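Fair warning: this is a prediction, and the values are worked out from it, not measured in the lab. We're numbering straight along the sequence, starting at 1.
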Amino acid sequence: MKFHKLLPLLFLLCSFKSNDGSEEIVGMWFTQDKASKIQIFKHDNQYFGKIVWLKSPLINGKAIVDGKNPEEKLRSRAVLGLSIFNRFVFEGNNSWTKGEIYDVRTGRTVSGKLSLKNKNTLDVRGFLGNPIFGKTVTLIRAE
């Protein structure tokens, strides 16, 4: 068979994206208490998560703010829309690592690991230093 007859087949095969599982966490996730929803998205081969919904977005008629932030100038920013998962990298085996997690309740930023247990359950582990010295919470897919 001549090369020019194989060329369309070659283009077709190259156009398929490999499904390595790296984007399985992309989407909407409820926190354990269902008090907020986090949108996880991919940007430049890294994964991020931001708060896109709050069950109770207001206190005394005002938007909930990032009042525990260690940087005083950031304490007045709204929690809704805040990025809390930053720069995670897909490592294979349903695992995303090397990222950071911002905890709005404490104002702390810690190292993190995301582990997809099944298509609807995501374990989020935050830790300082070694992962064995951390805490895991479970997110449930919202879609």
Side-chain angles (χ1 to χ4, degrees), residues 3 5-143:
F3 181 73
K5 291 183 181 180
L6 288 175
L7 200 54
L9 180 61
L10 183 62
F11 281 120
L12 181 62
L13 290 173
C14 290
S15 68
F16 287 111
K17 231 181 174 180
S18 89
N19 185 11
D20 61 3
S22 64
E23 295 188 28
E24 293 296 315
I25 61 168
V26 171
M28 299 289 188
W29 297 88
F30 278 116
T31 54
Q32 273 181 297
D33 58 5
K34 295 207 174 175
S36 59
K37 195 184 293 184
I38 300 167
Q39 178 186 19
I40 297 178
F41 57 96
K42 182 179 180 181
H43 178 72
D44 291 337
N45 287 325
Q46 294 181 324
Y47 295 83
F48 298 82
K50 66 180 178 179
I51 299 171
V52 294
W53 177 84
L54 294 169
K55 186 175 187 177
S56 302
L58 305 174
I59 293 179
N60 298 325
K62 295 184 180 180
I64 295 175
V65 295
D66 188 17
K68 301 272 182 159
N69 196 298
E71 290 187 47
E72 192 172 336
K73 66 182 179 180
L74 298 178
R75 292 181 188 159
S76 61
R77 67 181 176 172
V79 168
L80 193 60
L82 191 63
S83 182
I84 60 170
F85 299 160
N86 293 296
R87 297 179 298 282
F88 281 86
V89 177
F90 182 62
E91 294 292 329
N93 296 322
N94 295 325
S95 181
W96 292 257
T97 61
K98 299 181 182 138
E100 293 181 333
I101 300 169
Y102 177 68
D103 183 352
V104 175
R105 292 180 180 142
T106 65
R108 291 174 70 184
T109 299
V110 296
S111 297
K113 178 180 180 180
L114 308 175
S115 301
L116 193 65
K117 295 300 174 191
N118 60 54
K119 72 178 193 164
N120 294 314
T121 308
L122 180 66
D123 281 349
V124 177
R125 184 153 186 85
F127 55 92
L128 290 171
N130 192 314
I132 64 170
F133 302 115
K135 180 180 177 183
T136 300
V137 297
T138 301
L139 305 183
I140 305 299
R141 192 175 295 275
E143 299 171 316

Find the distance between CD1 (Ile84) and NZ (Lys50) and round it off to the nearest 0.5 Å.
12.0 Å
Rounded to the nearest 0.5 Å, what separates atom CD in Glu91 from atom OG in Ser115?
11.0 Å
Main chain of Lys119, side chain of Arg141: is a donor-acceptor contact present, judged purely on distance under 3.5 Å?
yes
Straight-line distance of Thr31 OG1 to Lys37 NZ, nearest 0.5 Å
10.5 Å
side-chain hydrogen bond (donor to acceptor under 3.5 Å, both in side chains) contacts touching residues 101-113 (sequence neighbours left out)
Asp33-Arg105, Asp66-Tyr102, Asn69-Tyr102, Asp103-Thr106
In short, Gly107 meets Pro70 closest at the heavy-atom pair O-CD, 3.1 Å
For Val110 and Phe127 the tightest heavy-atom approach is CB-O, 3.4 Å
How far does CG of Leu74 sit from CG of Leu82, to the nearest 0.5 angstrom?
9.0 Å
Can you list everything that forms a salt bridge (charged side-chain N to carboxylate O under 4.0 Å, His left out) with Asp44? Sequence neighbours excluded, please.
none
Under 4.5 Å between any side-chain heavy atoms of Ile51 and Val104, yes or no?
yes
Taken to the nearest 0.5 Å, the spacing of Glu23 CD from Phe41 CZ works out to 13.0 Å
Give a yes-or-no answer on whether the side chains of Ser22 and Asp20 include a donor-acceptor pair shorter than 3.5 Å.
yes
Using side-chain heavy atoms (C-beta onward) and a distance below 4.5 Å, is Tyr47 in contact with Phe85?
no
CD of Glu24 to CG of Asn118: how many Å apart, nearest 0.5 Å?
11.0 Å
Applying the side chain to side chain contact (heavy atoms under 4.5 Å, CB included) criterion to Leu114, which one of Leu122, Thr97, Asn94 satisfies it?
Leu122
Can you list the steps and then say if Trp96 with Leu116 is a side chain to side chain contact (heavy atoms under 4.5 Å, CB included)?
CA-CA 9 Å; Trp96 292 257; Leu116 193 65; 3.8 Å; yes
Show me, pair by pair, the donor-acceptor contacts under 3.5 angstrom made by side chains of residues 128-138, not counting sequence neighbours?
| residue | atom | partner | partner atom | Å |
| --- | --- | --- | --- | --- |
| Asn130 | OD1 | Ile132 | N | 3.0 |
| Thr136 | OG1 | Arg125 | NH1 | 2.7 |
| Thr138 | OG1 | Asp123 | OD1 | 2.9 |

Option passing side chain to side chain donor-acceptor pair (under 3.5 Å) with Arg87 (candidates Glu100, His43, Gln46)
Glu100
Any Ile101 side-chain heavy atom under 4.5 Å of Phe88 side chain:
yes
Closest non-hydrogen contact found for Leu80 with Val52 is CD1-C, 3.5 Å
